[in-house]
Amino acid sequence: MHLLSLFDVTAVQIRHILTLAGYMKAHPVSFQHSLKNKSIAMLFEKPSLRTRVSFEVGIQQLGAQPIYLDAQMVEPGQRESVEDIARNLACWTHGIVARVFKHETLHKLKAAGIPVVNALCDIHHPCQTLADLLTIQERYPVDMKVVDILYVGEGNNVCQSLMVGAAALDLKLTVICPDGFGPQADFLAELDTQYPAHRIQLGNDITKVEHADVIYTDTWLSMGDKRDYAETCKIFMPYQVNQALVKRLKATTVMHCLPAHRNDEITDEVMDSTISAVLQQAENRLYVQKAALHHLFEEIAQ
């Protein structure tokens, strides 16, 4: 079993992971032998703060050994094929956590025959969304289904994974992106096929949004994006998350997956405010990733 996207897991499994993550958060020493005597390879083509540290700490807390491999050390697809790297890693390790440029690399890593977890690619960021869902659940514990969630910015990997998570849990989500910067057409087709009754609305006019409990945004320029910075800011500035937007929509939570370009997609005033959940999201990466890893190996054992 793999976690390449949230399309790989059912709504029941997502709820199970969130419940398990909440338990792990409340009981820090629980499951400390869950992955005892196992080693997990961490193959990172992209630099990272939250993803690397949260996975390394989480793997250790589950009783396993993390082995970090950066792109300069391994050079996937250059010194040798991704499939050959995967098969070699399977000789020594029990799972692979991969932060890669292309989603197709994750599929090639499946040649290892051991669990592969997507720690970020160009299309999906499932671990981030699991942390986001846990954060929303913690802040609105009565019923997430009545929460109005707004994502504003580029329809990137974070946005797309959030859409899958929202669809799976039947959450209300509005996605507002500048014209031409929305989610990918093939992704939308897959979402509609798997979750035809989802409650997600797409648009490009932020002024038409009348209310949001949660406002979520992300950087306007993803890592490795070659778009002109000044031109990008000109296009996206009307979508900035600032105090005026928060007040108009009566939002009670603001979210950002980080790293943030302060005073571009989100202002200091909002990011450092009492309704900001950015550090809560970051912390929750640890627990959902521990829960996801435990779940994957639990499934294998059955």
Side-chain angles (χ1 to χ4, degrees), residues 44 46-55 99 101 119-122 125 127-136 138-139 147-163 173-183 204-207 209 211-286 288:
F44 277 44
K46 289 185 170 186
S48 170
L49 171 63
R50 280 153 295 278
T51 300
R52 177 178 176 179
V53 175
S54 59
F55 263 113
R99 181 178 172 91
F101 286 104
L120 178 141
C121 70
D122 56 330
H125 199 349
C127 295
Q128 179 63 58
T129 290
L130 290 171
D132 298 337
L133 293 173
L134 180 60
T135 301
I136 294 170
E138 289 174 338
R139 297 178 76 90
V147 179
D148 283 333
I149 306 169
L150 168 66
Y151 178 92
V152 56
E154 185 179 16
N156 57 16
N157 48 4
V158 171
C159 174
Q160 292 185 162
S161 282
L162 181 65
M163 291 173 71
L173 172 64
T174 301
V175 175
I176 302 293
C177 308
D179 191 30
F181 293 91
N204 54 35
D205 190 347
I206 188 65
T207 65
V209 180
H211 175 263
D213 298 299
V214 176
I215 303 176
Y216 194 139
T217 192
D218 189 14
T219 177
W220 296 336
L221 277 173
S222 298
M223 193 181 303
D225 201 318
K226 303 301 182 183
R227 291 200 312 266
D228 180 76
Y229 176 76
E231 183 62 26
T232 297
C233 288
K234 181 179 178 181
I235 294 170
F236 280 85
M237 191 54 72
Y239 301 85
Q240 183 188 67
V241 177
N242 51 40
Q243 193 62 27
L245 181 67
V246 169
K247 287 184 176 180
R248 182 173 72 80
L249 300 183
K250 298 180 173 61
T252 49
T253 297
V254 172
M255 302 176 70
H256 193 304
C257 59
L258 303 178
H261 294 81
R262 287 171 172 264
N263 298 311
D264 284 348
E265 71 268 11
I266 187 170
T267 62
D268 283 341
E269 183 180 19
V270 172
M271 186 165 161
D272 297 330
S273 70
T274 57
I275 67 168
S276 173
V278 298
L279 291 180
Q280 186 176 352
Q281 291 172 262
E283 180 185 358
N284 282 340
R285 290 287 301 276
L286 171 65
V288 297

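Numbers for residues simply follow the sequence, beginning at 1.
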- Note on the structure: Which of Val152, Val209, Asp148 passes side-chain contact (heavy atoms from CB on, under 4.5 Å) with Leu249? It is Val209
- Query: Counting only N and O atoms by type, is there a donor-acceptor contact under 3.5 Å from the side chain of Gln281 to the main-chain atoms of Ala131?
  - Reply: no
- Query: Atom CG of Leu245 and atom CD1 of Ile215: how far apart are they, to the nearest 0.5 Å?
  - Reply: 4.0 Å
- Task: Keeping the roles fixed (side chain from Ser54, backbone from Leu286), state whether a donor-acceptor pair exists under 3.5 Å.
- Result: no
- Which atoms form the tightest heavy-atom contact between Arg285 and Cys127, and what is the distance? CD-O, 3.8 Å
- Message: Is there a side-chain contact between Cys159 and Val175 in this structure, where contact means two heavy atoms from C-beta onward sitting under 4.5 Å apart?
- Response: yes
- For Asp272 and Arg262, run salt bridge (Lys or Arg N to Asp or Glu O under 4.0 Å): C-alpha distance rounded to whole Å, both residues' side-chain angles, the deciding distance at 0.1 Å, then the answer. CA-CA 10 Å; Asp272 297 330; Arg262 287 171 172 264; 2.9 Å; yes
- Item | Non-hydrogen atoms of Asn242 and Gln240 that approach each other most closely | ND2-OE1, 3.2 Å
- Between the side chains of Thr219 and His261, does any donor sit under 3.5 Å from an acceptor? yes
- Query: Atom CG in Asp264, atom OH in Tyr239: separation rounded to 0.5 Å?
  - Reply: 16.0 Å
- Item | Leu134 CG to Glu283 CD distance, which is reported to the nearest 0.5 Å | 9.5 Å
- Message: Do Val254 and Ile266 have side chains that approach each other closer than 4.5 Å (heavy atoms only, starting at C-beta)?
- Response: yes
- Task: Quick one: pull up CE in Met255 and CD1 in Ile136 and give me the separation to the nearest 0.5 Å.
- Result: 4.5 Å
- Message: Looking only at the side chains, is there a donor atom on one of Asp132 and Tyr151 sitting less than 3.5 Å from an acceptor on the other?
- Response: no
- Note on the structure: Minimal heavy-atom distance between Thr232 and Arg227, with the atoms involved, is OG1-NE, 3.3 Å
- Query: Around atom CG of Asp205, are there more than 12 heavy atoms of other residues, nucleotides or ligands at under 6.0 Å?
  - Reply: yes
- Can you find a pair of side-chain heavy atoms, one from Pro238 and one from Pro178, that are under 4.5 Å apart? no
- Does the pair Asn156 and Asp218 meet the rule for a side chain to side chain contact (heavy atoms under 4.5 Å, CB included), with working shown? CA-CA 9 Å; Asn156 57 16; Asp218 189 14; 2.9 Å; yes
- Query: What pair of heavy atoms forms the shortest contact from Val278 to Leu258, and how long is it?
  - Reply: O-CD1, 4.1 Å
- CZ/Arg248 to CD1/Ile206 distance, rounded to the nearest 0.5 angstrom? 6.0 Å
- Query: Ser161 versus Gln128: any side-chain heavy-atom pair under 4.5 Å?
  - Reply: no
- Closest approach of Glu154 to Phe236 (non-hydrogen atoms, all atoms of both residues): N-CE2, 3.6 Å
- Ile176 side, atom CD1; Asn204 side, atom CG - distance, nearest 0.5 Å: 7.0 Å
- Message: How close do Arg139 and Ser276 get, counting heavy atoms only, and between which atoms?
- Response: NH1-O, 4.3 Å
- Partners of Glu138 by side chain to side chain donor-acceptor pair (under 3.5 Å), sequence neighbours excluded? Lys25, Gln280, Asn284
- Show your reasoning for whether side chain to side chain contact (heavy atoms under 4.5 Å, CB included) applies to Met163 and Leu173. CA-CA 7 Å; Met163 291 173 71; Leu173 172 64; 3.8 Å; yes
- Query: Hey, are the side chains of Arg52 and Pro47 touching, using non-hydrogen atoms and a 4.5 Å cut-off?
  - Reply: no
- Query: Side-chain contact, heavy-atom cut-off 4.5 Å: Cys257 with Tyr216?
  - Reply: yes
